[in-house]
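In listed order, ligands and their atoms are each counted from 1. All heavy atoms count here, side chains included; hydrogens, waters and symmetry mates do not. Bear in mind the structure is a predicted one, so any value in this text is a computation, not a measurement.
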Amino acid sequence: MAKNFDVVVIGAGPGGYIAAIRAAQLGMSVACIDEWSNDKGGPAPGGTCTNVGCIPSKALLQSSEHYEHAGHEFAEHGINLKSLSLDVKQMIKRKETIIKQNNDGILYLFKKNKVSFFHGRGAFAKAAQEGYEITVSGAKPETLVAKHVVLATGSNPRALPGVDFDEKNILSNTGALALTQTPKTLGVIGAGVIGLELGSVWRRAGAEVTVLEALPGFLAAVDTQIAAEAQKLFAKQNLAIHLGVKIGAVKSDKTGVTVEYSDSKGESQKAVFDKLIVSIGRVPNTTGLQAEAVGLKLDERGFIAVDDECKTNLPNVWAVGDVVRGPMLAHKAEEEAVAVAERIAGKYGHVNFNTIPWVIYTSPEIAWVGKTEQQLKADGVAYRAGTFPFLANGRARALGNTAGMVKFLADAKTDEILGVHIVGPMASELIAEAVVAMEFRASSEDIARICHAHPSLSEATKEAALAVDKRALNF
Ligand SMILES: Cc1cc2nc3c(=O)[nH]c(=O)nc-3n(C[C@H](O)[C@H](O)[C@H](O)COP(=O)(O)OP(=O)(O)OC[C@H]3O[C@@H](n4cnc5c(N)ncnc54)[C@H](O)[C@@H]3O)c2cc1C
């Protein structure tokens, strides 16, 4: 017998599980279907983010950063270690424990909010009188009928044409987060967020890392001044980054992976790596959804086509997160999820795409919100810029972490903050103040007039705001 729900959510990543919880909070009967399994075949809700994305990458970044600090920075503090080694298996075990805590946490939240969870693949069967019939295939097949359907089926890593991931030598994020030994040499194709983060993990763990990037400029989406500063700092860490390359043949055998490419001068090159991470972007995942059974429209790139409110072409079918247009970020998926649940409940849902923060969790971290200087120039917007280096910040000195800067961009006439860009310690946390400021359409003077605790990294934010008016106090 079919089970009836007000809302059925397909996918329990940050888009899906948050949509399910918010819809349940609003008094609707909700089911959430997710097919991700752990190594014992049990459910592992949380999607890419929890299982092979945000959470495990940050766990390994933390472990490898501790190792790097112990090896290179402790002595300066007078902490002397007699011997130091990295137990990669333990580092991976810790990561697995954190993943499990998150999986279990989501199952607990489903219970707490009375969301019915189904472990298996969800697919459209047909449009039904009361909405849509959805089948769940898996260990316990089910048929559900939903008045509203929220699709949050996420994304998959993009492979190089003709080069499949074997997750042994040629790795996607999944394999790169599960290595149990540090490779001696590691190639990374793609110097985007994922490539830089995963490359950093294994460089800190002792691998010799070479990053090959097709674009001629480093981190094209990042403010050019911040990107140039970051590139300089990564070079100091011996993260070899080659820009403007064209990848040719990639072959894997017992000895490793051979990559043929032409460099920025057009000269042919060949490199052999123990392992290769391919991080050239992600593609929307609609596999097995049976979109065609109900006439769900995809766009030309395979994303589920949605309007500004995440409505698909079908009545009462919504889609959020990586499977729709916009940045592939967990917090973007969550914001869309909450907005959709509220719209289903007849309330007002809202996502401000202008204030979605971006973070790259390298060391130093890179974070930004709003417009870059190059975008403002291209748009012909008159602006004033203010920067403040962490070198002049007392807390950064005490931390021994003085690389980088905070940069403010404000409208030349109104002083409204148009963008904030940070490369430096704890940029991921510092950016929140800028997001709040921009949500409230604050001016740089507003931030400059707010009392910030001393000594704190956030004083660099205040000083950069002061610098817009050329009156930084400590630089
Ligand atoms: C290495 C890495 C690091 C990242 N780090 C960050 C970060 O630090 N910060 C950040 O904001 N973002 C980060 N991301 C991106 C982030 O993981 C995604 O943006 C986010 O997971 C998207 O959420 P989602 O709910 O749309 O999809 P997903 O998290 O991909 O979840 C989709 C879920 O749907 C399930 N599913 C798919 N089809 C079906 C079906 N037919 N039936 C049942 N279940 C189905 C999948 O199994 C999966 O569990 C990272 C990504 C990677 C790969």
Side-chain angles (χ1 to χ4, degrees), residues 8-20 31-38 43-61 95 102-103 106 117-124 134-138 142 144 149-158 171-178 188 190 192-201 277-291 296 303-304 310 319-337 340 356-362 365-367 428 431:
V8 169
V9 182
I10 305 185
Y17 91 80
I18 291 292
C32 184
I33 310 167
D34 191 274
E35 64 181 346
W36 207 298
S37 299
N38 59 27
T48 301
C49 173
T50 298
N51 293 294
V52 291
C54 325
I55 302 299
S57 60
K58 268 79 248 177
L60 296 189
L61 279 159
K95 175 211 75 168
N102 281 271
N103 297 144
I106 294 168
F117 177 68
F118 296 90
H119 184 210
R121 173 168 285 187
F124 280 108
I134 310 277
T135 56
V136 183
S137 52
E142 297 271 3
L144 314 181
V149 181
V150 181
L151 303 169
T153 48
S155 62
N156 289 321
R158 183 194 299 280
L171 313 171
S172 72
N173 51 299
T174 302
L177 290 163
V188 179
V193 179
I194 294 173
L196 289 174
E197 289 188 2
L198 297 177
S200 294
V201 166
I277 299 175
V278 177
S279 50
I280 54 168
R282 297 182 61 83
V283 289
N285 172 29
T286 52
T287 319
L289 203 52
Q290 288 183 196
L296 177 73
F303 289 92
I304 296 175
C310 293
V320 301
D322 279 12
V323 78
V324 304
R325 78 310 169 247
M328 286 187 172
L329 293 169
H331 43 282
K332 175 263 193 184
E334 292 183 13
E335 291 302 309
E336 286 181 333
V340 160
I356 293 178
W358 288 79
V359 180
I360 308 178
Y361 293 83
T362 41
E365 293 179 347
I366 304 168
S428 57
I431 201 67

Ile277 side, atom CD1; Leu198 side, atom CG - distance, nearest 0.5 Å: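 The CD1 atom of Ile277 sits 5.0 Å away from the CG atom of Leu198.
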In the structure I gave you, are the side-chain heavy atoms of [X] and [Y] within less than 4.5 Å of one another anywhere?
| X | Y | result |
| --- | --- | --- |
| Glu197 | Tyr361 | yes |
| Ile356 | His331 | yes |
| Leu296 | Ile304 | yes |

Residue pair Ser155 / Asp322, side-chain donor-acceptor N/O under 3.5 Å: yes
In chain order, what residues pass the side-chain contact (heavy atoms from CB on, under 4.5 Å) check against Trp358, with sequence neighbours excluded? Pro327, Leu329, Trp368
Would you mind writing out a table of all protein N or O atoms found under 3.5 Å from any N or O atom of ligand 1, naming both atoms and giving the distance to 0.1 Å?
| residue | atom | partner | partner atom | Å |
| --- | --- | --- | --- | --- |
| ligand 1 | 5 (N) | Lys58 | NZ | 3.3 |
| ligand 1 | 8 (O) | Lys58 | NZ | 2.7 |
| ligand 1 | 11 (O) | Ala330 | N | 2.8 |
| ligand 1 | 11 (O) | His331 | ND1 | 3.2 |
| ligand 1 | 12 (N) | Ala330 | N | 3.4 |
| ligand 1 | 19 (O) | Asp322 | OD1 | 2.8 |
| ligand 1 | 19 (O) | Asp322 | OD2 | 3.3 |
| ligand 1 | 19 (O) | Met328 | O | 3.4 |
| ligand 1 | 19 (O) | Leu329 | N | 3.2 |
| ligand 1 | 19 (O) | Ala330 | N | 3.3 |
| ligand 1 | 21 (O) | Cys49 | N | 3.3 |
| ligand 1 | 25 (O) | Pro14 | N | 3.3 |
| ligand 1 | 25 (O) | Gly15 | N | 2.8 |
| ligand 1 | 26 (O) | Asp322 | N | 2.9 |
| ligand 1 | 29 (O) | Thr48 | N | 3.0 |
| ligand 1 | 30 (O) | Thr48 | OG1 | 2.7 |
| ligand 1 | 41 (N) | Gly122 | O | 3.0 |
| ligand 1 | 42 (N) | Gly122 | N | 2.8 |
| ligand 1 | 44 (N) | Glu35 | N | 3.2 |
| ligand 1 | 49 (O) | Asp34 | OD1 | 3.3 |
| ligand 1 | 49 (O) | Asp34 | OD2 | 2.7 |

